[in-house]
Structures are given as C-alpha cells and as structure tokens.
Amino acid sequence: MEILSRVHSFGGEQLVCRHQSSCTKTPMRFAVYLPPASRNGKVPVLWFLSGLTCTEANFTEKVGAQRIASELGFILIVPDTSPRSEGVADDAAYDLGQGAGFYLDATQAPWSAHFQMESWITRELQTLVADELPADIKRQGIFGHSMGGHGALTLALRHPGLYASVSAFAPIVAPTQCPWGQKAFTAYLGEDQAAWRSHDACALIEDGARVPEILVDQGTADQFLTSQLKPDHLRDACVKAGIALDLRMQEGYDHSYYFIASFMADHMHYHARFLK
C-alpha cells in the first residue's frame, strides 16, 4: 500500500493511498481516515461508496466526515468508483465506464478485463485493510450515495455477515428499472436478466436476501427522484420482506453533497449503534 498524501485532521490523519490491484489489474486509489483512537489498537471500519463521476476525493474533501469519525473512533475508507488507467475501457457518457463502475464484477468485454469492483472491495481491499491498517474488520459498516448507495445496499445484501450495518443517501434502489442501471447492466452484464437481478437491491430482497435494517435519506427536490432512484420500490420490498427500513424523505434537499453533509452525522451515529 503506497501512501500518496498524509494530512492531520481532527486529531487523526487523512491518507490517500494506492495499490496495484490483482482484481482490476490496475493501480487503484482509496482514501483512509485514521482516528486518534487507532493509535491505541484496532478500531471499527466504515466504508463510504461514492456516486457517478466521483473519485475518492469528493466525499473526503466536501463532507467533513473526519470530525465525526474522530469522535466515534472509526476508520473511514472511501474507494474510487472504478479502475482508471491507460488501456482501461471507457465511454464518452458520464454514466458508463470510468467513474461508473456500479460496484459489480463485469462479465462482458471490454469491461470484464478491469471492471471487477465487487471483488476488489469485498475481497482484495478487505485483506489489504486487515494487513496494513489498525482495523477491526469484524466490525464493519457500509454506506454510500446514489450509485454508491446502490453499491452499499447490494454488497451488504450479497455478502451477509461482512457488514454489520448499512445505510444510503439517495440510492439507486432498483437499477433494473431505471435508465442508469439498464444502460450499465447491459454493458457490464449483458442481456441476462437473472444476472441483473443479482445486483438490484429490491430484486435481491424479493429473492430472499436480508439485512436486519436499513437507513435511507432521500431529498424531495432531488432531480433524479422519480426517473432513477424510485425509493418507493425499496419501501415496498422491505415491507414484504419484514426488513426494518427507515426511509426519511427530506423536504427541499437535492442530490448534492450539501444534502449528504446535512445528514452525515445521523448516518455515522446510526452505524455506531452496530459497530461500537
């Protein structure tokens, strides 16, 4: 693990790191916040997955989550959203290719050569974090925004026991039923609808996947609310499955990092209930 930068923040340290991934076959970047408590032993880990077009920098630099992570004693890890390197497949549009990995393992060329995001986050980075950081990987939570909210929900549902808690900001809850997801899944997974369902949070719940409970915040002024995000689908799926969903519709909030910052403390304290 190569440390590209290191700065002090709220008594701890904010790192930007890079390693050569065997999953993506590219260098991969991720941000790590180490709270003061990590100097005295292993501490819980909270993962944040970012949305379309983002890198590890957007959340790290805009939200101020380091203050809360410092108080709660969490390591905060923010992976990049896709492989990025010379020779990595890309698309001219913002919602496919680099910056739009959708946190799955692609099976279709040319994407399958490098876009192995699920394996990178749930397997390879798990090992790296355990080996290189003072991380208690038996106590992990995951959350994310938009495409990253989709990733947080699906990875928690697909890997029971790996994450003790899950939450999301404005997640894409039913990608098989919205333009963003349909475009990405066709490219990355092909035409097999069964493969699509295995990366759709609502479909996973309908097909038997479970987590104990979920916290979701969604802005009512989000420009993507009805066309892409469809939170009512998640509510319906959770009601039928008996999953405790706290879906909070936040009046007047949009899809931006101002929205995320406004409710970040709530989400981190929510995860603290499970991780502390």
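No hydrogens, no waters, no symmetry mates; every other heavy atom, side chains included, goes into these values.
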As a quick check of understanding, evaluate side chain to side chain contact (heavy atoms under 4.5 Å, CB included) for Phe169 and Met264, giving each step before the final call.
CA-CA 9 Å; Phe169 298 90; Met264 179 54 55; 3.8 Å; yes

Determine, stepwise, if the pair His233 / Gln177 fulfils side chain to side chain contact (heavy atoms under 4.5 Å, CB included).
CA-CA 10 Å; His233 289 49; Gln177 302 178 56; 3.2 Å; yes

For Tyr270 and Phe143: C-alpha separation, side-chain torsions, deciding distance, then whether ring-ring contact (aromatic ring centres under 6.0 Å, His included) applies.
CA-CA 11 Å; Tyr270 168 81; Phe143 64 152; 9.6 Å; no

Kindly indicate, with the supporting measurements, whether the criterion side chain to side chain contact (heavy atoms under 4.5 Å, CB included) is fulfilled by Leu247 and Leu234.
CA-CA 9 Å; Leu247 173 58; Leu234 182 63; over 6 Å; no

Test Leu153 against Val173 for side chain to side chain contact (heavy atoms under 4.5 Å, CB included), laying out the working first.
CA-CA 8 Å; Leu153 293 173; Val173 302; 4.2 Å; yes

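Taking the side chain as every heavy atom from C-beta outward, His8 and Glu13 approach each other to under 4.5 Å. Side-chain atoms of Pro27 and Ser85, non-hydrogen and from C-beta on, do get closer than 4.5 Å to each other. Residues Gln66 and Thr60 form a side-chain contact, since some pair of their non-hydrogen atoms from C-beta on lies under 4.5 Å apart. In this structure, the side chains of Leu52 and Thr81 stay at 4.5 Å or more apart for every pair of heavy atoms. Two residues are said to be in side-chain contact when any heavy atoms from C-beta on lie closer than 4.5 Å; Thr154 and Asp200 fail this criterion. His271 places none of its side-chain heavy atoms less than 4.5 Å from the side chain of Lys276. Between Arg29 and Leu4 there is a side-chain heavy-atom pair separated by less than 4.5 Å. Inter-residue side-chain proximity for Gln182 and Thr176 is flagged as unmet; no heavy-atom pair is nearer than 4.5 Å.
No donor-acceptor pair closer than 3.5 Å links the side chain of Ser82 to the backbone N or O of Gly101. With hydrogens and angles ignored, the 3.5 Å screen pairs no side-chain donor or acceptor of Asp90 with any backbone N or O of Gly97. Remark: side-chain polar atoms of Lys230 are paired, donor with acceptor, to backbone N or O of Thr226 under 3.5 angstrom.
Thr24 and His114 form no side-chain donor-acceptor contact under 3.5 Å, judged by distance and modelled atom types alone. Residues Asn58 and Ser50 bring no donor and acceptor atom of their side chains to less than 3.5 Å of each other. At a cut-off of 3.5 Å, with distance as the only test, no side-chain donor of Thr55 or Asp80 sits close to an acceptor on the other residue. Under 3.5 Å, the side chains of Gln250 and Gln218 contain no donor-acceptor pair of N or O atoms. For the residue pair His19/Glu2, the side-chain donor-acceptor check at 3.5 Å is not satisfied.
The two residues Asp266 and Leu215 have their closest heavy-atom pair at O-CD2, 4.5 Å. Across all non-hydrogen atoms, the minimal contact from Asp105 to Ser119 is OD2-OG, 2.5 Å. Across all their heavy atoms, Ala170 and Asp222 have their closest contact at CB-OD2, 3.7 Å. Pro134 and Leu34 make their closest contact through CD-CD2, 4.2 Å (heavy atoms, listed as atom of the first residue, atom of the second, distance). Looking at every heavy atom in both residues, Val43 comes nearest to Gly73 through CB-O, 3.3 Å. The heavy-atom pair separating Ala164 from Phe274 by the smallest distance is O-CD2, 3.5 Å.
If you look at His145 and His255, their ring centroids are closer than 6.0 Å. Between Phe102 and Trp180, a ring centre-to-centre spacing not shorter than 6.0 Å is recorded.
Remark: Leu275 CG to Ile75 CD1 distance equals 12.0 Å, nearest 0.5 Å. Atom SG of residue Cys178 and atom CD1 of residue Ile172 lie 5.5 Å apart, to the nearest 0.5 angstrom. The distance from the SG atom of Cys202 to the NZ atom of Lys240 is 10.0 Å, given to the nearest 0.5 Å. Between the OG atom of Ser198 and the CG atom of Leu104 there is a distance of 8.5 Å, given to the nearest 0.5 Å. From Leu204, atom CG reaches atom CZ of Arg210 across 10.5 Å, with rounding to the nearest 0.5 Å. Rounding to the nearest 0.5 angstrom, the gap separating the CE atom in Met117 from the OG1 atom in Thr122 is 10.5 Å.
The number of heavy-atom neighbours closer than 6.0 Å to OH of Tyr258, taken from other residues, nucleotides and ligands shown, is 12 or below. In this structure, Glu251 places its CD atom where only 12 or fewer heavy-atom neighbours from other residues, nucleotides or ligands lie under 6.0 Å away. Crowding of Lys42 atom NZ: a count of heavy atoms from other residues, nucleotides or ligands under 6.0 Å not exceeding 12. Summarising the local packing, NZ of Lys138 is surrounded by 12 or fewer heavy atoms from other residues, nucleotides or ligands at distances under 6.0 Å.
For Glu213 and Arg273, the salt-bridge test passes: some basic side-chain N is under 4.0 Å from an acidic carboxylate O. With respect to Asp136 and Arg139, a salt bridge is recorded, a charged nitrogen being found less than 4.0 Å from a carboxylate O. Salt-bridge formation is detected for the pair Asp217/Arg248: a Lys NZ or Arg NE/NH1/NH2 atom is positioned less than 4.0 Å from an Asp or Glu carboxylate oxygen.
A ring-ring contact (aromatic ring centres under 6.0 Å, His included) with Phe48 is found for exactly one of Phe74, Phe30, Phe59, Tyr33, namely Phe59.
Residues Leu96 and Phe224 share a single hydrophobic cluster, defined by chaining ILVMFWY side chains whose heavy atoms lie under 4.5 Å apart. At a threshold of 4.5 Å between side-chain heavy atoms, the hydrophobic network of Ile, Leu, Val, Met, Phe, Trp and Tyr places Leu49 and Phe115 in one connected group. Under the 4.5 Å side-chain heavy-atom criterion for ILVMFWY residues, no single connected hydrophobic cluster contains both Val216 and Tyr257. Under the 4.5 Å side-chain heavy-atom criterion for grouping Ile, Leu, Val, Met, Phe, Trp and Tyr, Met1 is connected to Ile121 within one hydrophobic cluster. The hydrophobic clustering, which links ILVMFWY residues whose side-chain heavy atoms are closer than 4.5 Å, places Phe259 and Leu225 apart.
Note on ring orientation: taking the six-membered ring where Trp is involved, the planes of Trp111 and Tyr188 are perpendicular (angle over 60°, cut-offs 30° and 60°).
For residues 109-124, the pairs satisfying salt bridge (Lys or Arg N to Asp or Glu O under 4.0 Å) are Glu118-Arg158, with sequence neighbours left out.
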